[in-house]
Protein chains: 2
Amino acid sequence: MTIQESARTSEERPQRADARRNHELLLVAARELFEEGADPSMEAIAKRAGVGIGTLYRHFPKRIDVVEAVYRDDVEQVATVAERAVLELDPWEAVDVFMHAFVSYALGKRRFLNELREAFEKNPELKSASRERLDGAVRLVVETAQRAGVVRTDLTSEEIYGLVGSMCMSASLTAEQCERLIDLILDGLRVR
Amino acid sequence: MTIQESARTSEERPQRADARRNHELLLVAARELFEEGADPSMEAIAKRAGVGIGTLYRHFPKRIDVVEAVYRDDVEQVATVAERAVLELDPWEAVDVFMHAFVSYALGKRRFLNELREAFEKNPELKSASRERLDGAVRLVVETAQRAGVVRTDLTSEEIYGLVGSMCMSASLTAEQCERLIDLILDGLRVR
DNA sequence: TAGTATACGGAGGCTCCCTCCACTTAGCAA
DNA sequence: TTGCTAAGTGGAGGGAGCCTCCGTATACTA
């Protein structure tokens, strides 16, 4: 990169308002469609967002970039739930709310597991970064509750993450079963 | 099914010679292409086999049927190696030859793991049947060697299968590393 | 308000998967 | 050997999806 280029990079104009709006619309549309079913086409995503196909490709040059963006956004949302819950709720409620949010996030991922795996393959950083972010979120919520004495301390947050995560990914459990099992797990975690 | 239909089914004419030949050619071509790289198109498979696209579709109505057929064939070949090795070689040599064949089979699968997963999803019987067939092959070779006193008996064949299988599927190990590690494993298994 | 960099949108190219059907041939019976 | 026919072949083309290109529109700046 030349000096001029690097200078231009740092004093770049901000994105135009319509571009920012469309980026957001596309992300929302894509997430909806991924959650609804299998493999929405790029055309379908653009249409749902109410923009042209060219605009979609301007924002996400390849299909896999859409998958990646939706996933990053989802991870961010779950992590944010953790942070807000710890601040705004009492420690046990925070565990309860976060775990349910986590399960619903993870169950949503089942829909496009194959595409996600491809994204991980293409870009290993995506996998490790998300893993870390989620791990941190679980740790924050669980350890806060442990310090408050409302969650048993003979389990680490990694173990709990592992248990809940693998339950959600299990092909033999339905979403409904997972929703019920998370209550069982929460019950087992709680100190009364 | 009517009586006539079931009667016809059992006394059906055998496949014509050209059909049998083309089926075999297609299977060979498909395996070659899958091993060579990623995602050969149906056109490419037909071309490599030297037949028209229509012929390919007569033998394998969907792309996934090609994947499935190649996989079944591969599993069969590895299992056959086990059976022949036990009959024709001394017990330790049989373990050695079979394990190397198994690793090379498993490494080949990395190429089209995604397609394979789809095939498993669509047809769970494929997965369980192959798993059983391979499990039996490992057991045959290992237990024969254990009875002959050349392989340690404090490990079960399932454990060995698990170890070698997961090594081959590990994304962080190259094929070359797996080839070297299998020798290390074999060394550890051997009773001298 | 005019000028311009930025962004939009969709026609169309390319590559796939798969279908359809006119043509060919292996195998059988006379 | 010959003729018949069910079985098999091959490839043009339909349809869908990913992505590119570029003429048009518009948000920002001065």
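Every heavy atom of this structure was used, including side-chain atoms; hydrogens, water molecules and symmetry mates were not. Numbers restart at 1 for each chain; the letters A, B, ... are given by sequence-line order, proteins then strands.
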Sequence-distant partners of His23(A), ring-ring contact (aromatic ring centres under 6.0 Å, His included), two or more places apart: His59(A), Phe60(A)
Can you check whether Thr55(B) has a side-chain N or O nearer than 4.0 Å to OP1 or OP2 of dG10(D)? yes
Below 4.0 angstrom, N of the basic side chain to O of the carboxylate: do Arg72(B) and Glu68(B) qualify? yes
Salt bridge check, Glu35(A) against Arg111(A): does any charged N sit closer than 4.0 Å to a carboxylate O? no
Can you tell me which stems involve DNA chain C, if a stem is defined as three or more consecutive Watson-Crick or G-U wobble pairs, both distances under 3.5 Å? C:1-30 with D:1-30
Is any side-chain N or O of Asn22(A) closer than 4.0 Å to OP1 or OP2 of dA7(C)? no
note: Leu25(A), atom CG; dG9(C), atom P; distance rounded to Å ~ 10 Å
Could you check whether His23(A) gets within reach of a base, just the sugar-phosphate, or nothing at all, counting any heavy atom under 4.0 Å? nothing
Name all pairs fulfilling the ring pair (Phe, Tyr, Trp, His ring centres under 6.0 Å) condition that reach into residues 122-147 of chain B, sequence neighbours left out, sorted by first residue then second. none
Readout for nucleotides 23-30 of chain D: B = base within 4.0 Å of protein heavy atom, S = sugar-phosphate only, - = neither; 5' to 3' it is ---BSS--
I need the CZ-P distance between Arg58(B) and dA7(D), as an integer number of Å. 9 Å
List in chain and number order the residues that pass ring-ring contact (aromatic ring centres under 6.0 Å, His included) with Tyr57(A), two or more places apart in sequence or in another chain; answer none if no residue qualifies. none
Send over the distance from Ile45(B) CD1 to dC16(C) C1', rounded to a whole Å. 12 Å
Holding to ring-ring contact (aromatic ring centres under 6.0 Å, His included), I want the full list of residues that pass it with Tyr71(A), two or more places apart in sequence or in another chain. Phe120(A)
Does Lys62(B) pair with Glu115(B) as a salt bridge, N-O distance under 4.0 Å? no
Does anything in residues 141-180 of chain B form a ring pair (Phe, Tyr, Trp, His ring centres under 6.0 Å)? List the pairs, not counting sequence neighbours. Phe102(B)-Tyr161(B)
Residues that Glu179(B) engages under salt bridge (charged side-chain N to carboxylate O under 4.0 Å, His left out), provided they are two or more places apart: none
Would you say Glu132(A) has more than 12 foreign heavy atoms packed within less than 6.0 Å of its CD? no
Flag yes if Val67(A) and Val28(A) sit in one hydrophobic cluster, no otherwise; membership is Ile, Leu, Val, Met, Phe, Trp, Tyr, and two members link when side-chain heavy atoms are under 4.5 Å apart. no
Nucleic acid contacts - residues 114-125 of chain A versus DNA chain C, non-hydrogen atoms under 4.0 Å: none
Hey, could you give me each pair passing ring pair (Phe, Tyr, Trp, His ring centres under 6.0 Å) that has a residue in residues 26-49 of chain B? Not counting sequence neighbours. Phe34(B)-Phe112(B)
Can you pull out every side-chain hydrogen bond (donor to acceptor under 3.5 Å, both in side chains) where at least one residue sits in residues 181-190 of chain B? Sequence neighbours excluded, please. His100(B)-Asp183(B), Asp187(B)-Arg192(B)
Check the distance between dC16(C)'s C1' and Lys47(B)'s NZ and give it to me in whole angstrom. 15 Å
Spacing between His59(A) atom NE2 and dT6(C) atom P, to the nearest angstrom: 14 Å
Letter per nucleotide, 5' to 3', of nucleotides 12-17 of chain D [B base touched, S only sugar-phosphate touched, - untouched; heavy atoms, 4.0 Å]: B----S
